[in-house]
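To start, the structure under review is shown below, and the notes come after it.
All figures in this text were calculated on a predicted structure; none of them were measured in a lab. Convention: sequence-line order gives letters A, B, ...; per-chain numbering from 1.
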Amino acid sequence: MQAVRTVFAAALALGLFASTSAVRAQDVIKVGAPLPLTGALSPEGLKQQRGYNLWAETANAAGGIKVGGKPYKVEIVYVDYASNTPRAVQVAERLITEDKANFLFAPFGSGAAKAASGVSERYGIPTIAATASSREVYDQGYKFLFGTFTPNETLIDPLTEIVSKGDPAVKRVAILARNDLLTLSLANLMQAAAKAKGLEVVMMERYAIGTMDHASAITQMRGAKPDWVFATGYINDLILIRKQMADQGVSPKVLTMIAGPAYKEFTEATGPLAENVSSASWWHPAVRYKGVDLFGTTEAFNAAFEKKYNVVPDYAEASAAAAGAILQLAIEKAGTLDPAKVRDALAAMDLVTFYGPVKFGPTGQITSLEPPVFQIQGGKPVVVFPAAVKQADFIFGK
Amino acid sequence: MIYLQVLANGLVLGGLYAAIAVGFSLVWGVLNVINLLHGSFIVLGSYVAFFAYAYFGIHPFLSAGIAGAALFALGYVVQAGLVNRVIAAPVLITLILTFGLDLILNNAMLLAFSADYRKVNLAHPLGSLELGPIFLPGDRVAAMVLAFLLTALLYRVLRDSRIGRAIIAVRMDREAAALMGVDVKRINAITFGLGAFMAGAAGALLSIIYPISPLNSSLFLGKAFVVCVLGGLGSVPGAMVGGVALGLIESFGAYWLGPEHAITLSFSILLVLLFVRPSGILGKRGYE
Amino acid sequence: MTALLALEGVSRRFGGLAALDTVTLSVEAGEILGLIGPNGAGKTTLINVVTGVHPATAGRVLLQGEDITRLKPYRIARKGLARTFQIVQPFPRMSVLENVAAGAVFAGAAPSLKEGLRLSREHLAFTGLAQIADKPASTLTLAQRKRLELAKGLAMNPRFLMLDEVNAGLNSSEVDEALAMIRRIAERGVTILVIEHLMKVVVSVSTRLAVLHHGALIAVGTPREVLADRGVIEAYLGEKYAARLAGARPAEGA
Amino acid sequence: MRDWLLLLLLALACSLLPLAGDNYVLRLGTIVAMYAVLAQSWNFIGGLAGYPSFATAAFFGLGAYTSAVLLSYGAPTGLAWTAAGGMACLFAALIGGAILHLKGHYFAIASLAVGEVLREVVNTTPDLTGGGMGMNLPVPKLSVAAAAQTFYFSMLALAALTTAAAIIVQRSRLGFGLRCIQQNEDAANILGVNAYGYKTAAFCLSAVFAGMAGAIYASWVHYIEPPDVFDILLAVKPLVMVLLGGIGTVFGPIIGAFLLIAFEELVWRSFLTIHAAMLGGIIVVLVLFMPNGLLALVRSGLARLRPAGPKP
């Protein structure tokens with residue numbers, strides 16, 4: 001009973017807080033952000049929120065966004081869609097029609113972003129997707145959707161290039177993929193890329209969402225004697241797979257995992273087992289760009305992020321902050337809040353930010369980024385590609 | 001040879017599943033309550049172990065006792081304060097009540113601990129046992145053995161203690177037990193507490209194996225369901241048999257049909273079993 | 001003419017236990033057959049077998065020559081076989097009237113719900129429950145519940161009515177009322193099987209008696225014949241007592 | 001007669017909504033109508049027959065995918081929606097034969113497992129359903145407002161149809177028989193109620209409209225994926241709505257759907273991350289203090305407050 005009461009009290013307090021803290025200034029730019037703050041994707045939702053918040057606070061601290069000489073405060077309207085895609089769509093419509101959001105940040109991941117972009121397209125609201133990489137999201141012919149992740153193959157191709165060039169003894173590839181949109185798409189691309197490089201795919205298995213044990217799949221993997229293991233999943237899947245590979249003594253020359261190792265939670269949870277795990281992501285704190293946005297250089301962004309959150313930003317957090325920065329640049333360039341004009345400014349954008357060079361292709365997906373490949377070395381992710389920001393050489397196992 | 005490894009995988013996994021299900025089975029069997037809080041209880045046990053290790057360096061194998069005790073208290077209060085009020089009501093009512101309570105508890109954990117996955121990383125990991133071509137993960141085997149010992153202890157308590165006899169009496173016939181002077185409400189609360197104890201202890205043991213997050217509670221709960229139906233309700237041996245059976249089914253299913261079909265297979269078997277033998281593999285023999 | 005109901009070598013086993021053991025018995029139209037026997041003799045099992053709740057494991061049950069052994073309970077009910085339960089089984093949150101209407105609608109003659117309710121009022125008047133027609137069944141006294149069972153059975157418009165201990169737990173004036181009612185039901189042309197514990201009651205109402213012991217039928221005949229039967233006395237009172245009584249005139253009741 | 005009049009008035013009042021609200025209000029209205037269908041559907045098997053079914057999500061998802069697959073092969077929308085209902089109904093008849101002999105918790109679990117199996121089947125047949133990648137449906141060539149109205153009226157019509165079915169069933173032998181089964185199944189059998197047949201009929205009724213709701217829903221959001229259309233909350237919320245509005249009644253499910261969605265909308269707006277706990281709080285309060293639903297509470301005043309619910 002006490003627990004119930006406490007929760008209710010907390011609920012009440014939070015409610016009061018939420019209603020009094022709402023910004024009531026007149027000159028505000030409202031950006032709607034449907035996020036999965038609860039449910040299966042909530043770790044991802046919270047990351048995105050950290051990025052958006054940093055952008056909004058930095059922009060407001062600098063006096064807001066100048067639109068035709070007049071400063072506007074940024075207000076981000078968050079709504080939790082509980083990791084439920086239809087709910088994300090519903091929320092997107094609500095943010096546009098009820099909350100009168102001027103712009104939208106798309107919900108997390110390719111599936112939800114694709115579903116929600118249909119709504120913002122119909123209302124003509126410029127929408128930036130910070131975490132959607134699949135081509136299918138952008139090839140719908142929509143004019144108001146822009147994305148800060150390059151297509152999935154830009155993660156896979158450099159990897160296969162590095163590995164096949166670096167050690168000709170790597171011949172046999174085993175793929176274990178989570179049966180989910182992004183993770184399956186990466187696995188399929190990997191399979192094709194490996195074949196194209198003359199590698200032999202000795203195992204290609206999918207596992208269901210919610211799998212609690214990978215022992216059998218790993219037994220099978222052990223039997224296939226792979227030189228390269230490529231596993232996809234969310235962080236919890238990958239932690240478990242890494243652990244169970246060690247349990248059965250599977251230690252390939254190359255172990256690649258996407259999309260966990262970029263997060264510090266992965267190295268914390270796997271400890272020494274994280275060593276030499278390779279991965280690729282759309283961004284990495286080791287990259288160095290000199291941007292024209294509010295953060296300036298990548299180092300400055302990293303510092304600002306660390307100051308606020310006490311951790312090094314990862315690619316999802318950076319991409320979210322970049323989405324805000326990019327939106328701000330477009331608004332300032334357009335000199336108006338008119339959605340069509342801001343949209344045109346986004347489409348015509350060609351400049352450099354802390355996140356990297358920003359130029360959107362005809363579908364709205366960013367084309368100017370070169371996603372880094374990295375490897376956990378000495379407990380930290382270090383960049384091994386591209387050459388311009390490379391911190392160390394790729395290490396092959398024995 | 002590879003089948004021996006798959007068999008070993010299945011047995012070890014089955015041991016963990018049994019640990020997950022024992023407390024759930026006890027509550028279901030004795031109180032006829034499906035405790036949907038069970039998954040969250042396990043996760044809470046994991047968090048107790050996580051923090052005990054992070055702040056005080058207490059090994060999860062020791063903090064299993066602490067986690068169990070804490071969860072016993074929580075379980076006792078939940079039953080005595082809330083569930084007891086509707087214990088005589090039809091199935092649907094208690095089911096939906098524990099569902100509501102689970103929403104609250106899970107949400108509270110999400111706020112308190114966030115959904116980020118954590119894991120207990122032992123300073124001295126147990127490594128793997130190599131028996132010829134077979135690898136046995138040391139931590140899993142150790143957790144399984146400890147869970148087995150706890151279960152055996154529960155079994156002795158139920159068989160030999162006064163309270164245990166009272167619990168069995170309530171399970172057999174609530175009215176008769178009341179007439180014989182058993183304080184049924186108190187026994188209900190103790191039983192629910194014992195179920196929570198087993199959940200908490202299991203959660204602590206699992207903290208060295210699974211990433212910890214409130215999001216995992218429904219996975220644990222799902223497994224507990226299947227194990228109970230496989231093994232038969234309210235029986236300690238039933239939960240053990242059901243757990244091992246599920247471990248073997250998933251292990252061989254994943255090996256033969258591919259890992260994506262392992263879950264489908266276990267639910268299909270659950271449906272078939274409900275159809276042909278609702279009392280489970282061991283039948284309704286209970287705690288005797 | 002074929003018997004209304006005939007059991008041919010009917011057995012019912014539960015695991016290793018034979019609750020009914022090759023019972024052959026026929027019931028003629030119009031009679032009131034009393035079924036007696038010590039506790040656990042298989043009386044209720046016999047009703048369960050006839051009504052299809054626990055189908056016979058061997059033998060056949062015939063209703064006017066038609067084999068009904070394997071029919072589902074609801075089909076048997078619709079053929080005009082009604083029963084009451086030893087432990088009363090009302091629908092607790094329905095009114096008395098609705099309880100009775102269920103019998104009329106699903107097994108009786110009522111073509112519609114409305115007609116069922118109308119017919120049910122007649123049955124309630126007959127059983128003396130008319131004043132409490134709209135009360136929820138869960139609020140009734142035991143005697144009222146027993147009568148409700150009867151009314152439900154009647155509403156099914158039965159050819160054959162099986163009454164399982166309708167008098168258990170009633171006081172003597174209530175028993176007298178119940179007996180009078182059973183006789184009046186029989187006068188309407190309904191064949192009746194009465195399971196009864198009180199020997200006095202069953203003898204007074206039955207035209208014929210059948211005795212079950214350990215699942216086997218040990219005697220059938222007029223009440224007088226049956227009560228004089230040595231096997232029956234043994235079954236009820238034990239061998240010693242039966243031997244002492246041997247030769248003496250049968251007691252009034254046992 | 002009174003029920004029919006009420007239904008007519010309600011339907012008329014609801015059809016005026018497009019005059020009063022913008023697209024978002026229409027979207028909310030569509031959701032209320034959808035949940036009214038699901039709650040009404042659950043009421044057939046859970047409220048009338050007393051079988052605690054968690055298969056609503058399975059029927060909904062099956063309907064959504066049936067319709068989506070048919071549409072992807074170019075079937076006309078009306079046909080796809082109808083077929084979705086038919087498929088769900090057929091599936092209920094088949095699966096009902098297997099699980100309706102179970103009682104209480106066992107039935108609850110079996111009905112839950114049905115949804116899980118279906119979800120995994122969809123997940124593992126990517127050629128037909130897109131598997132874990134989800135499935136896209138053709139976007140109707142309509143303006144924003146026209147699309148919003150079309151789907152609102154479709155869902156509203158389905159809700160009215162489902163309620164009409166509920167009224168007919170409640171007054172028929174079927175409804176009467178189901179109430180008998182709910183209160184004492186053995187006695188009902190002995191009284192001549194074909195319990196198995198009636199339960200199967202109720203299960204099918206609880207499937208057909210839910211399946212169609214899934215189909216309309218899929219066309220409406222034009223992107224579906226297994227975790228969404230087989231979401232366990234799709235099975236639980238209708239049940240909470242029925243409890244809220246009054247179990248076994250005709251209009252209880254509708255009132256419950258309206259109240260719960262309205263409440264959720266409020267909570268969703270003001271409490272960013274604790275809405276799940278708020279929903280849990282409602283459930284707990286509901287179960288402990290008003291087991292007969294709000295309607296009964298209002299009707300009989302505070303005198304009826306008591307902890308235990310009499311309904312199975």
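A distance below 6.0 Å separates the ring centres of C/Phe106 and D/Phe176.
Residue contact with chain D, scored on non-hydrogen atoms closer than 4.5 Å, involves the side chain of C/Met156 exclusively. Both the backbone and the side chain of C/Ala101 come within contact range of chain D, with heavy atoms under 4.5 Å apart. For C/Ala102, the parts sitting under 4.5 Å from any heavy atom of chain D are the backbone and the side chain alike.
In summary, C/Glu149 and C/Lys146 do not engage in a salt bridge, as defined by a charged side-chain N under 4.0 Å from a carboxylate O. For C/Glu187 and C/Arg184, the salt-bridge test fails: no basic side-chain N is under 4.0 Å from an acidic carboxylate O.
Annotation: maximal heavy-atom pairing with chain D below 4.5 Å, among C/Arg78, C/Lys152, C/Met94, C/Arg75, occurs at C/Met94. Contacts with chain C were tallied for D/Ala195, D/Gly177, D/Cys180; D/Cys180 has the most, counting heavy-atom pairs under 4.5 Å.
The 12-atom threshold is not exceeded at CZ of D/Phe258, counting heavy atoms of other residues, nucleotides or ligands nearer than 6.0 Å.
A search for side-chain hydrogen bond (donor to acceptor under 3.5 Å, both in side chains) contacts involving D/Arg179 returns C/Glu98, not counting sequence neighbours.
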